[in-house]
Amino acid sequence: MAGLWRSYQRLMAKHPWKVQIITAGSLVGVGDVISQQLIERRGLANHSMQRTAKMMSIGFIFVGPVIGGWYKVLEKIVPGGSKTVAFKKMILDQAAFAPCFLGCFLSITGALNGLSVEENLAKLKRDYKDALISNYYLWPGVQIANFYFIPLHYRLAVVQVVAIIWNSYLSWKANKI
């Protein structure tokens, strides 16, 4: 396990952006597998590989680049690593970024699932508030710790590991008919 971590660190040092995006996409896919198998109890015979591939593509194309970019912007807006700075970053993250990100994530998922604009808006009206409230139960504490203890180039990976649970929930929420 230590060797795997050292390899990850070497890759992160050489290709931080690529590694962060690959990590995010892979872990969004893991979240979907958990959602289908443990939450929805589909069983392997009824597992939708197409859905897992869609969710992974959202992770690679949207989640990884957007969250990774946000952390860089946030570091410029509120530089430093004190407890007060970590709290300010968490407030900005949860007040400004999380609501927009969540709305975009649910909308993109709906569009990839073939929903019309009207259907997607109706689904967003139905699911957004509940998902945002659930977000506030999990992420403020995680983000304070992330912003205080974790170096910038590891923050996306740390968040995505915690987000395996969150991605399972979001996958279930986003793909619920």
Side-chain angles (χ1 to χ4, degrees), residues 4-35 51-112 124 128 131-132 134-175:
L4 189 60
W5 176 246
R6 281 191 296 277
S7 296
Y8 184 80
Q9 286 180 308
R10 276 194 299 276
L11 283 171
M12 188 66 117
K14 283 184 180 178
H15 310 284
W17 192 244
K18 289 177 189 175
V19 171
Q20 289 180 53
I21 289 170
I22 291 168
T23 301
S26 300
L27 293 176
V28 170
V30 168
D32 180 66
V33 170
I34 290 169
S35 176
R51 177 177 137 181
T52 299
K54 283 181 194 177
M55 294 303 292
M56 287 180 76
S57 68
I58 292 169
F60 293 133
I61 296 167
F62 176 70
V63 175
V66 171
I67 294 176
W70 167 244
Y71 287 162
K72 289 177 184 177
V73 168
L74 193 56
E75 193 63 33
K76 287 180 182 175
I77 295 171
V78 188
S82 69
K83 290 178 185 175
T84 303
V85 168
F87 184 76
K88 288 178 183 177
K89 287 177 182 175
M90 182 277 294
I91 293 295
L92 273 173
D93 181 69
Q94 292 301 299
F97 180 76
C100 297
F101 178 83
L102 190 55
C104 290
F105 181 90
L106 292 172
S107 297
I108 290 168
T109 306
L112 285 178
L124 204 54
Y128 178 78
L132 187 60
S134 297
N135 169 86
Y136 291 138
Y137 282 115
L138 175 64
W139 289 109
V142 170
Q143 290 294 51
I144 286 176
N146 198 28
F147 296 136
Y148 185 65
F149 294 111
I150 307 299
L152 176 62
H153 60 282
Y154 288 116
R155 287 182 187 153
L156 179 61
V158 168
V159 162
Q160 287 305 310
V161 169
V162 174
I164 290 173
I165 296 164
W166 179 245
N167 293 338
S168 301
Y169 167 78
L170 274 185
S171 180
W172 169 75
K173 185 63 110 175
N175 289 287

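Within the 4.5 Å cutoff, the side chain of S26 has heavy atoms near those of the F60 side chain. Proximity of L138 to Y169: side-chain heavy atoms (C-beta onward) are nowhere separated by under 4.5 Å. Y128 has its side chain out of reach of S107: every pair of non-hydrogen atoms, C-beta onward, lies at least 4.5 Å apart. Looking only at side-chain heavy atoms (C-beta outward), F87 and S82 stay at 4.5 Å or farther from each other. Looking at Q9 and Y154, their side chains come closer than 4.5 Å, going by heavy atoms from C-beta outward. Q160 has its side chain out of reach of Q20: every pair of non-hydrogen atoms, C-beta onward, lies at least 4.5 Å apart. Side-chain contact between I58 and T109 is present, with at least one heavy-atom pair separated by less than 4.5 Å.
Ring orientation note: the planes of F105 and F62 are tilted relative to one another, at an angle of 30° to 60°.
Although no hydrogens or angles enter the test, the distance criterion places no donor-acceptor pair under 3.5 Å between the side chain of T52 and the main chain of V33. Side-chain atoms of N146 never come within 3.5 Å of backbone atoms of V142 as a donor-acceptor pair (strictly under, hydrogens ignored). A donor-acceptor pair under 3.5 Å links the side-chain atoms of K89 to the main chain of G80, judged by distance alone.
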Checking side-chain contact (heavy atoms from CB on, under 4.5 Å) for the pair D32/R51: CA distance, chi angles, key distance, verdict? CA-CA 8 Å; D32 180 66; R51 177 177 137 181; 2.6 Å; yes
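Taking OG1 of T23 as the start and OH of Y8 as the end, the distance is 3.0 Å to the nearest 0.5 Å.
Heavy atoms from other residues, nucleotides or ligands lying under 6.0 Å from CD1 of I165 number 12 at most.
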